[in-house]
Amino acid sequence: MDLVLLIEQLLNGLQFGVMLFLMAAGLTLIFGVMGLINLAHGSLYMVGAFAAAAVASATGSFTLALIASLAAAAIAGVIVEMVVIRRLYDRDHLDQVLATFALILIFSEGTRWVFGSFPLYLDVPSALSGAVDLPFGISYPAYRLAIIGIGFVVAFGLFLLITRTRIGMRIRAGESDREMIAALGVNIAVLYTAVFALGAALAGFAGALVGAIQSVQVGMGEPVLILAFVTIVIGGIGSIRGAFVGALLVGLTDTMGRVLLPVLFGAFMNPSAATSIGSALASMSIYILMAAILLFKPTGLYGSA
Amino acid sequence: DGLKVGMITTLSGGGAGLGIDVRDGFMLAVKQSGRSDIELVVEDDQRKPDVAVQLADKLVQSEKVDVLTGIIWSNLAMAVVPSVTAQGKFYLSPNAGPSALAGKGCHPNYFNVSWQNDAFNEAAGAWATENGVEKVFLLAPNYPAGKDMIAGFKRFYDGEVSNEVYTKLGQTDYAAEIAQIRADDADMLYYFLPGGMGISFMKQYAGSGADKPVMGPAFSFDQGILGAIGEAALGVKNTSHWSKDLDVPGNAEFVASFTEEFGRLPSLYAAQGFDTGLLLASAMEKADVSDADAFRAALKEADFQSVRGDFKFAPNHHPIHTIYMREVVKEGDVVTNKVIGVAAEDHTDAYGVDCKM
Amino acid sequence: MSLLRLEHVSAFYGPSQALFDVSLRLDQGEVVALMGRNGMGKTTTIKVICRMLKHRGGAVMLDGQDMARWPSYRAARAGLGLVPEGRRCFPNLSVRENLIASARPGDWTLRRVFDFFPRLGERAGQMAVSLSGGEQQMLAIGRALMTNPRILILDEATEGLAPVIRNEIWAAIGQLKRDTGLSILVVDKSLKELSRVADRGVILERGRSVWGGGFDRLDAEKRDRYLGV
Amino acid sequence: MRRETLINTVLTLGLLAVPLAAWAMDEPYTITLATKVVILALAGVGLNLALGLGGLVSLGHAMFFGIGGYAAGILASHAQSYDPIMEWPFLIEGTQSMPVIWLLAIVVSALVALATGALSLRTSGVYFIMITLAFGQMFYYFTISWPAYGGEDGLSIYVRDRFPGLNTLDPMHFFGLCFALLMLGLFIVARISRSGFGLALNAARQNEARVRAVGIEPYRLRLIAFVISGAITGLAGALYADLNRFVSPVMFSWQTSGEIMIFVILGGVARLFGPVAGAALFIILEEVLGGVSDYWHIYLGALLLIVVLFARGGLIGLLAGRNGGGGHD
Amino acid sequence: MTESLLDIRGISKSFGALKASDDVSLDLKQGEIHALIGPNGAGKSTLIAQIAGSLRPDSGEVWLEGRNVTHHDTVARANAGLGRTFQISSLAMEDTVLQNAVLGALGARHRVPGVWRPVMRDSDLRATAIEALREVGLEEFAHFRTADLSHGQRRQLEVAVALTLRPHVFLMDEPMAGLGAEGSAILVEFLRNLKSRAPILLVEHDMDAVFQLADRISVLVYGRIIATGSPDEIRANREVREAYLGEEDEE
Ligand SMILES: Nc1ncnc2c1ncn2[C@@H]1O[C@H](COP(=O)(O)OP(=O)(O)OP(=O)(O)O)[C@@H](O)[C@H]1O
Ligand SMILES: Nc1ncnc2c1ncn2[C@@H]1O[C@H](COP(=O)(O)OP(=O)(O)OP(=O)(O)O)[C@@H](O)[C@H]1O
Ligand SMILES: [Mg+2]
Ligand SMILES: [Mg+2]
């Protein structure tokens, strides 16, 4: 494999990582910071994508579609938080698992009911379609470069929000002792609704952004959910920085594993067995990565006990 | 008298579109046959093999159906078909044709009305050979159906295979594979990526600036999916036994009546469901299901006008039919398929030789 | 009108009743000591006042307003500053963050708290979880002060503090009372210190307020019966 | 009698009565359903030991369920094709004898639990959830792409395996067998949770430092619990393979782990009969709602939500009141 | 001369720039109560943690009954006879008071608990547990859920659990904290009797209790021991008075 291709694959890995971060950002916020296991995160991602697809097909504007994805997911988030999640903060994690699992069922079938059983159309805006030329003769899709940019901005913004603002402190305080932070005068209920809505909006936003280059369909959220969990666990729960680093690691491992493992096995095996074993191993690579990292750092890269 | 059909298909979750089309096509055929003695029980398998098995038990043991049909996915078919045919029931496959059931595992009561999994791919391989494609890049998910599809293509393809890449099942990002494809010197890309995987791939491929021509089996370019890919799919060639513009008797009427009844264009799966319904009705004209041998013989005759044209059963009860080459085009605002030629005439599958029945 | 007033309050933890009949009042600028042996309901009374536990019978009033339906953040915003039993610092926040997370404007600022507890200033960037027990106690007091309360509620606030610091805190309480007119409700086991700083005391016995009044009227018999000294 | 004991008795009797009635009315499918409940409940009973008592939220129990299933599937398929599993270094032949299959399922699951548990238990909390998930996913992708036993297509056992003295093809006989194993599983778990081991394990869930300070190593307790738990779930997997006469990688998927966990939570975590109640309710709902509409998952979701929101401690918690978990005095 | 049951030799521990233990040596002899006092943040709990094994010293050794246990973990040290109470109550909150005590008794058996015999019916364990609860005055609360106890009651339970371990050495970190006057008085009496069973290393800020109980007192300031001696010597030590006791107010 030549160097240019290798560089391009590294870039792909990075890009995939940033995309993962976008998907995981809302989850880190809700899960890491509010301590809530939200399996329905993938559903909010789906809601965003569907809202964007619907608005894009009605208006033809990608910008409006993005706004719609933010709004729809945030509204869904507020409703879900006020009706369901709010009653679960002081419960066992397991109750949260069951409740949000139920939410997945409702969201998935509800979406299918509204939008039908077939995937929807959502395309990248024409301004960002096609590829741009980078040095070394690499040409790279413009839209993916945009995703990288947006991912960095979101990461930085969230990092500041959580670590540097008073709101961030209150959220973190509430995570360890809700009763106490309320007794000090913080309206934690409103704060949490807002955070949940923000997390949901981020999920929806990611759904719309990523949906433009993937399939907008019912069930699109579940694989993302698992990936997002893997990402934030590798980075250490509650750490935006960890989520970001974790996402890049996962993106690089997955991409380079897919590319290199079959080649590697091909060196000492017949080609068809090599591709088969190589790609089987590649599909496990991120799980192997996660297991390995947790064995050496049981609370993830940036997590605290 | 009369007959009870059990349909196990996927009606909820991600893959529901296919099941719903099969069901609707089938019901349309039954309705048009004018028979009131067909009783239909529909069950949702949720795309889970274990659920499918249990539903099969239910339909056979409690509902006491005579005929089963409906399954979309190969792995579910593998789970259900052997046991129901062993219990003396008939199974008509409206989709999915795993090789095991066409060869060694064939059964007199199992009729495949759709295709053997390899068919479209074999036809595509033949077409590529004939049209002077010298080098292809092959891409499929890493699971049995994916490997079968690629093997099917290679069986009828004489040119060179530059690379064979297997991706993770359910993968959604293909940047790495696309980079490999772009750097490759093949003349053509052939891929099989069903459902959402295909949509994601095609959108990303089109946006990457890659320019190799693309070909694949119809599954990745069916009507329901084209709607989601949009113009990114224009120009893609794909093999299919059916197309809505296919000029054979009955097809235009089918397309019109399906559209009228359900408010959407029929898909490949709807056509297969429809054919399955027609086959069943045709057999009922000739024999009563209580006489299994006669009924089997009647099915075997396949005396119905398939919407894909000529249709016969090979000895292993899999179709002998023509596979066409289609191209994705834009008709007005709609991205859809157009037949551009024949890829394989009167095609039969390669596994029948192993079938002893 | 009393600033804070409890009348015949009863309260439950699930099915079990913890308070049966508690009455007490706290006037502007007053320091009241809440006393009783272990498990008699002092902390429960404080939880009721801070709305961390809803009472069932009786009334809880602040400035004459009925607090029955208030959520706890509202009680805090109305001027209740709590130093809870067991400190309950936010372990995953640094000392500084603990202090400013719930701060409200007023005389007490970060600077003033750090002057008051220099040790906290030295540890400003450290996560609360790794503070020593006494440092956590200081942090809990500082945190309550940062909300600039009208009523400071101290539940065993000197527990685990070195005698020097403890003396400082008692001195500070006395000073707060003199200089700022802050009203203080205090639970502590040191009767000696309480009697020195508090204007009045209230004794709880099995969830009932059984005695109230000035310390000069707290005779040996009552001390022995209710407080075990 | 304590309220919970009463509920447990009613559940047990109900679980017995339904298939008997179905048998009398010649409704074999209902017996199949009841068998499914029993088997999945057994899987849940296994998980509940780790989850409820030990606080080990394993999202990898599908691993054991799948191993049990494949133990049955592989042994049976070799027996059916008269093709030994291996000839060297010693001959291992396939078998269709349930006791042998069960033994293998239990042993292999336990060994895998020992290995994965030894690694996973270095972590805790959500990290533990995810690392167990990771191990499960590794098995899942391995079985999908491993062609020898069917890959994603799975593996059929054409004729149900045999048990001496019973006709396992008769749904009622097979039900009886599974039911007996469930009862045995429940008995074992009940004993364990009342034992010193159970007390210490349960305490370690609540406060690890406390258990260390009395001189007991929580890691060891948890590892033992995880192994027993995996073995029970593995056994359930073997039974499930025989119920369907079919195994597939879906048994290894994270959704399967999730479902087993849902049964436990729905019924009541750390309640002995929690998984039984949970599995029964879930499967009844699935069965009843399945016909209502194409969008029946919405109703299922809504009902599950109602249960979580209004029944603290799951179904058994709702019926029996809050105290009484844990299984001690 | 009585031999030392617990012997700490030159322990040092830093957190970044902070020296939490700075070459600390002290010992504990049969039958004595050795009190460790010092300002907040002086490093007392850190020292206890290093003795108990939950924190590794940077350097130095811990000897227990003539055995070097520096490299043993918490569990091994507990089994070697070290009984500990925590500064912040550390109990199985959902279990009953009795179950917590039984857990201690179970740990005292030094083996992995059996998986089969019902533990709460084990009369030996029960007897040990109830005896310990009786000694701290919690017998009537035996069937309470631990979470339903008041703060002070939990402190008592903490001590009871340590008792069930029948340790050879007690480490107690502020056992009086949270106890009312009456509770403190009872506990003082109790510890006075307890020391004949096993010596106690006591960290406590309640000076009344310390001066009543301690045979020896060590004062820790900024991670260093600045003085060791009898209660009277310590009370008279000016350095200690400035750093810790404050200006003694006359009664
Ligand atoms: N969360 C709870 N659930 C149930 N009962 C409780 C709870 N908290 C306290 N109790 C009970 O309520 C009673 C009063 O407890 P409270 O904590 O108010 O006592 P206290 O006077 O503050 O005692 P202490 O001086 O020990 O802190 C006690 O008998 C205790 O057992
Ligand atoms: N993990 C840690 N990281 C950084 N500093 C720490 C850590 N643990 C303890 N410290 C610091 O070490 C010093 C000693 O703490 P320690 O808990 O031993 O004090 P102590 O003597 O027990 O005080 P107190 O009487 O207040 O409980 C404190 O200043 C504390 O902030
Ligand atoms: Mg209290
Ligand atoms: Mg301390």
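First the proteins, then the strands, lettered A, B, ... as listed; each starts at 1. Please read all numbers here as calculations on a predicted model, not as lab measurements.
- Using a 4.5 Å cut-off between non-hydrogen atoms, the part of residues 203-214 of chain D that approaches chain E consists of D:Ala203, D:Arg205, D:Gln206, D:Asn207, D:Ala209, D:Arg210, D:Val211, D:Arg212, D:Ala213, D:Val214.
- In this structure, E:Arg197 pairs ionically with E:Glu135, as a charged nitrogen and a carboxylate oxygen lie closer than 4.0 Å.
- Heavy atoms of E:Val161 lying under 4.5 Å from chain D belong exclusively to its side chain.
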Side chain to side chain contact (heavy atoms under 4.5 Å, CB included) between D:Thr116 and D:Thr132, intermediate numbers included = CA-CA 8 Å; D:Thr116 56; D:Thr132 48; over 6 Å; no
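- Residues E:Arg9 and E:Asp7 are paired through a salt bridge, judged by an N-O separation under 4.0 Å between the basic side chain and the carboxylate.
- Salt bridge absent: D:Glu217 and D:Arg220 never bring a charged side-chain N and a carboxylate O closer than 4.0 Å.
- Contacts between E:Val115 and chain D at a heavy-atom distance below 4.5 Å involve backbone atoms as well as side-chain atoms.
- Within a 6.0 Å radius of CZ in E:Arg67, other residues, nucleotides and ligands contribute 12 heavy atoms or fewer.
- No salt bridge links E:Asp73 with E:Arg56; every basic N to acidic carboxylate O contact stays at or beyond 4.0 Å.
- For chain D, the nearby parts of E:Leu103 are the backbone and the side chain; heavy atoms of each come within less than 4.5 Å.
- Highest contact tally toward chain D, considering only E:Arg84, E:Glu158, E:Glu94, is held by E:Glu94 [criterion: heavy-atom pairs under 4.5 Å].
- The number of heavy-atom neighbours closer than 6.0 Å to CZ of E:Phe144, taken from other residues, nucleotides and ligands shown, is 12 or below.
- Between D:Tyr240 and D:Phe65, the angle of the ring planes lies from 30° to 60°, which puts this pair in the tilted group.
- Of the listed residues (E:Ala78, E:Gly114, E:Ala108, E:Gly104), the one with the most heavy-atom contacts under 4.5 Å to chain D is E:Gly114.
- Only the side chain of D:Ile224 comes within contact range of chain E, with at least one heavy atom under 4.5 Å from a heavy atom of that chain.
- Here D:Arg271 pairs with D:Glu4 in a salt bridge; the nearest charged N to carboxylate O distance falls below 4.0 Å.
- Each of E:Leu91, E:Val112, E:Leu106 has some count of heavy-atom pairs under 4.5 Å with chain D, and the biggest count is that of E:Leu91.
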